[in-house]
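Everything on this sheet refers to the single structure shown next.
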Amino acid sequence: QVQLVESGGGLVQPGGSLRLSCAASGTFFSISTVGWYRQAPGKQRELVAAIRGGGSTDYADSVKGRFTISRNNAENTLYLQMNSLKPEDTAVYYCNLNNLFGGNYWGKGTLVTVSS
């Protein structure tokens with residue numbers, strides 16, 4: 001019943017910006033830890049950024065200072081603002097949610113391509 005739907009991916013030039021969104025339904029969004037993962041071909045899925053219900057955040061070293069994760073609990077929406085994008089940021093980006101009942105949920109992903 002839990003659904004996560006990503007949007008906002010696309011093609012952007014190096015140095016450009018994108019804002020990803022994840023709309024959540026069917027769960028207790030405001031008290032759940034939510035985050036963004038990404039996976040490039042031939043690589044493992046990796047954590048990009050996460051934000052807990054209390055607002056604390058974690059970032060991968062590769063994106064610190066460039067990406068910002070945020071949430072709008074009134075709209076049950078997660079965001080990832082990506083600035084100063086690099087070709088190595090190219091990947092499918094997935095929204096993830098962990099709730100207090102042991103549930104772990106994933107969206108289908110949105111493709112981000114950074115190329116000139």
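None of these values were measured; they are calculated from a predicted model.
Sparse packing is recorded around CD of Gln3, with 12 or fewer heavy atoms of other residues, nucleotides or ligands lying under 6.0 Å away. Around atom CD of Glu88, more than 12 heavy atoms belonging to other residues, nucleotides or ligands sit under 6.0 Å away.
Considering only heavy atoms from C-beta on, Pro87 comes within 4.5 Å of Pro14 through its side chain. Inter-residue side-chain proximity for Val63 and Arg38 is flagged as met; some heavy-atom pair is nearer than 4.5 Å. When side chains are defined from C-beta on, Leu100 counts as touching Ile31, because their heavy atoms get closer than 4.5 Å. Leu18 is listed as a side-chain neighbour of Val112, based on a closest heavy-atom distance under 4.5 Å. At a threshold of 4.5 Å between non-hydrogen side-chain atoms, the residues Phe29 and Val2 do not count as touching. The closest side-chain heavy-atom distance from Thr27 to Leu97 is below 4.5 Å. Taking the side chain as every heavy atom from C-beta outward, Met82 and Leu20 approach each other to under 4.5 Å. Looking at heavy atoms from C-beta onward, Thr113 lies out of side-chain contact with Val12 at the 4.5 angstrom threshold.
Put simply, the side chain of Thr110 gets close to the backbone of Gly9: a donor and an acceptor are under 3.5 Å apart. Checked by atom type and distance alone, the side chain of Thr90 pairs as donor or acceptor with a backbone atom of Val114 at under 3.5 Å.
Once rounded to the nearest 0.5 Å, the distance linking CG of Asn99 with OG of Ser32 reads 5.0 Å. Within the model, atoms CG of Asp58 and CG of Leu47 stand 7.0 Å from one another, a figure rounded to the nearest 0.5 Å. Note: Ile69 CD1 to Thr57 OG1 = 8.0 Å, rounded to the nearest 0.5 Å.
Every residue was checked against the side chain to side chain donor-acceptor pair (under 3.5 Å) condition with Ser116, not counting sequence neighbours, and none meets it. Taking Tyr59 as the reference, nothing meets the ring pair (Phe, Tyr, Trp, His ring centres under 6.0 Å) condition, with sequence neighbours excluded.
For residues 10-112, the disulfide bond (SG atoms under 2.5 Å apart) pairs, not counting sequence neighbours, are Cys22-Cys95. Within the structure, every pair that satisfies the ring pair (Phe, Tyr, Trp, His ring centres under 6.0 Å) test and touches residues 72-116, not counting sequence neighbours, is listed here: Phe28-Phe101, Tyr37-Trp106. Sequence neighbours left out, the pairs with a member in residues 64-77 that pass side chain to side chain donor-acceptor pair (under 3.5 Å) are Asp61-Lys64, Arg66-Asp89, Arg71-Asn73. Residue pairs meeting the side chain to side chain donor-acceptor pair (under 3.5 Å) criterion with at least one member in residues 5-26, sequence neighbours excluded: Ser17-Asn83.
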Open item on the list: What verdict does the side-chain contact (heavy atoms from CB on, under 4.5 Å) test give for Val48 and Leu80, after you've listed the backbone C-alpha separation in whole Å, the side-chain angles of each residue and the deciding distance to 0.1 Å?
Closed with: CA-CA 9 Å; Val48 177; Leu80 184 68; 4.3 Å; yes
